[in-house]
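To start, the structure under review is shown below, and the notes come after it.
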There are 2 protein chains.
Amino acid sequence: MNTLSYGLLALLSQGPCTGYELMLQIQPVWQAKHSQIYPLLAKMEQNGLVQFVAVPQKEKPDKKVYSITESGIAALRQWIPEPTSEPVKRDELLLKLYGVWLADPEKAVQLFEERLQTFTKRSVKLKAFLETLHKQMEEEGGTRSLSSPSFGRYILLKRALDNARMEMEWCEWALQLLREQGSLDSDSVQGNLGKRS
Amino acid sequence: MNTLSYGLLALLSQGPCTGYELMLQIQPVWQAKHSQIYPLLAKMEQNGLVQFVAVPQKEKPDKKVYSITESGIAALRQWIPEPTSEPVKRDELLLKLYGVWLADPEKAVQLFEERLQTFTKRSVKLKAFLETLHKQMEEEGGTRSLSSPSFGRYILLKRALDNARMEMEWCEWALQLLREQGSLDSDSVQGNLGKRS
DNA sequence: GAACGCATGTAAGGGGTTACATGATTTG
DNA sequence: CAAATCATGTAACCCCTTACATGCGTTC
């Protein structure tokens, strides 16, 4: 039982899911491919943490709808208060920034613009999701309550949006810095190319 | 040559470093242990991308001070404009939030308070670092310029601080939500424990 | 008609963590 | 006096990515 397994249990605690759906839902928090999830689910099923019902589909392979078992819930409850490891982040763009000073300045601009675009798109999607969830929760009666399975989804979505906004602002800030430079010494560019101390 | 190797090259483009120093410096952007970095540096040395000078130390094993070679710089320049893969994030806390609704509500509070503390500490350190860098750059003459090796460090630090602040605000927001709940229905707690639909 | 989404699985290989090994100096 | 920091390295193992494999329906 590794972290990802517990994460799958946590998602399943909110309701039955197929492996494919789990793979999609876990992406924002923990990147994992289907090739990692399917074998894990099979193992967890053998250990009695989850169970599945095969749902036949017309002209397609069976869909396996997984749900958490009582012993799965027990395992999940025991995991939550255990010491939580710190988040892991690996960002190629940030690595490139250490070396960008000896590259073409317009390459630096491109780097930031690309990232700005990805996160602009992401924030649009997230906003839409958040609104949908809001309406859902209002229909479900009460306000955002801890005891509701939607609670986790809600604060996670909010966080994702906050993060996307931060990312965008940071890109815009950096681009402004770069453009100031570019206009100030437009021909010192050649001077820095190909030289190193 | 994988991403981490290029990252090490990027760091070395800013000046000579020991493997140990590289390991420390790369942490905020790309978590890697010394056991991964030392063998990589050895390979890169064999491929002529970096070179090292052994500096003897009293009563300690030799310190290897690495520096980037001309062919290392060429490789670095070629890497920067290549397509950049999206950041990877794995956060155990966020996984736990999906399952927290069936656990003790005070466990949820603990989860957020722990994270808030870690990022409060981190932000204090980052602020100090940023001020040091600011002074350094003022002494070095010009304003924050792209052509300075410090440029990458500067925008990276700024970003790390932004991120820490966002993380803190999010924790405080979530804690407020949780405390509202706790005071509103202090005995619905038992009602939700041990039950599932 | 090529590409994407749904839907499941396996295999190989590279990337990353944990543990083993050593040893002096400094800090709490 | 124990723990952390500096400093390097190896080995085993697990985690994760990439690629292979299949097949239908829908969208551009």
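Order of the sequence lines sets the chain letters (A, B, ...), proteins ahead of strands, with each chain counted from 1.
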| said: Under 4.0 Å from OP1 or OP2 of D:dA7: is there any side-chain N or O of B:Q57 that close? | reply: yes
| Under-4.0 Å side-chain N/O to phosphate OP1/OP2 contact, B:Y20 with D:dC6 | yes
| message | Parallel, tilted or perpendicular: which one describes the rings of B:Y66 and B:F52, with boundaries at 30° and 60°? | response | tilted
| query | Quick one: B:L24 CG to D:dT8 P, roughly how many Å, whole number? | reply | 10 Å
| query | Does OH in B:Y38 sit with more than 12 non-hydrogen atoms of other residues, nucleotides or ligands closer than 6.0 Å? | reply | yes
| message | Tell me if the side-chain of A:T18 makes a donor-acceptor pair with the base of C:dT8, cut-off 3.5 Å, by modelled atom types. | response | no
| How bent is the helix from C:dG1-D:dC28 to C:dG28-D:dC1, comparing axes over its five end pairs at each side, to the nearest 10°? | 60°
| said: Measuring to OP1 and OP2 of C:dG15, would you say a side-chain N or O of A:R90 lies under 4.0 angstrom away? | reply: no
| request: Please confirm whether B:K158 makes a cation-pi placement over A:W173, using NZ or CZ under 6.0 Å from the six-membered ring centre and within 45° of the ring normal. | output: yes
| field | 5' precedence on DNA chain D between B:Q36 and A:Q31 (nearest-nucleotide basis) | value | B:Q36
| Is it true that the NZ or CZ of B:R115 lies under 6.0 Å from the centre of B:F112's six-membered ring and within 45 degrees of the ring axis? | no
| query | Among D:dT8, C:dG16, D:dG9, which is the nearest nucleotide to the side chain of B:K64? | reply | D:dG9
| message | Is A:Y38 close enough to C:dG9 that one of its side-chain N or O atoms is under 4.0 Å from OP1 or OP2 there? | response | no
| Are A:L49 and A:S71 close enough that some pair of their side-chain heavy atoms sits under 4.5 Å apart? | yes
| Chi angles and distances behind the side chain to side chain donor-acceptor pair (under 3.5 Å) call for A:E82, A:Q78 | CA-CA 7 Å; A:E82 274 176 23; A:Q78 163 251 306; 2.4 Å; yes
| Do the side-chain N or O atoms of B:K33 get closer than 4.0 angstrom to the phosphate oxygens (OP1, OP2) of C:dG15? | no
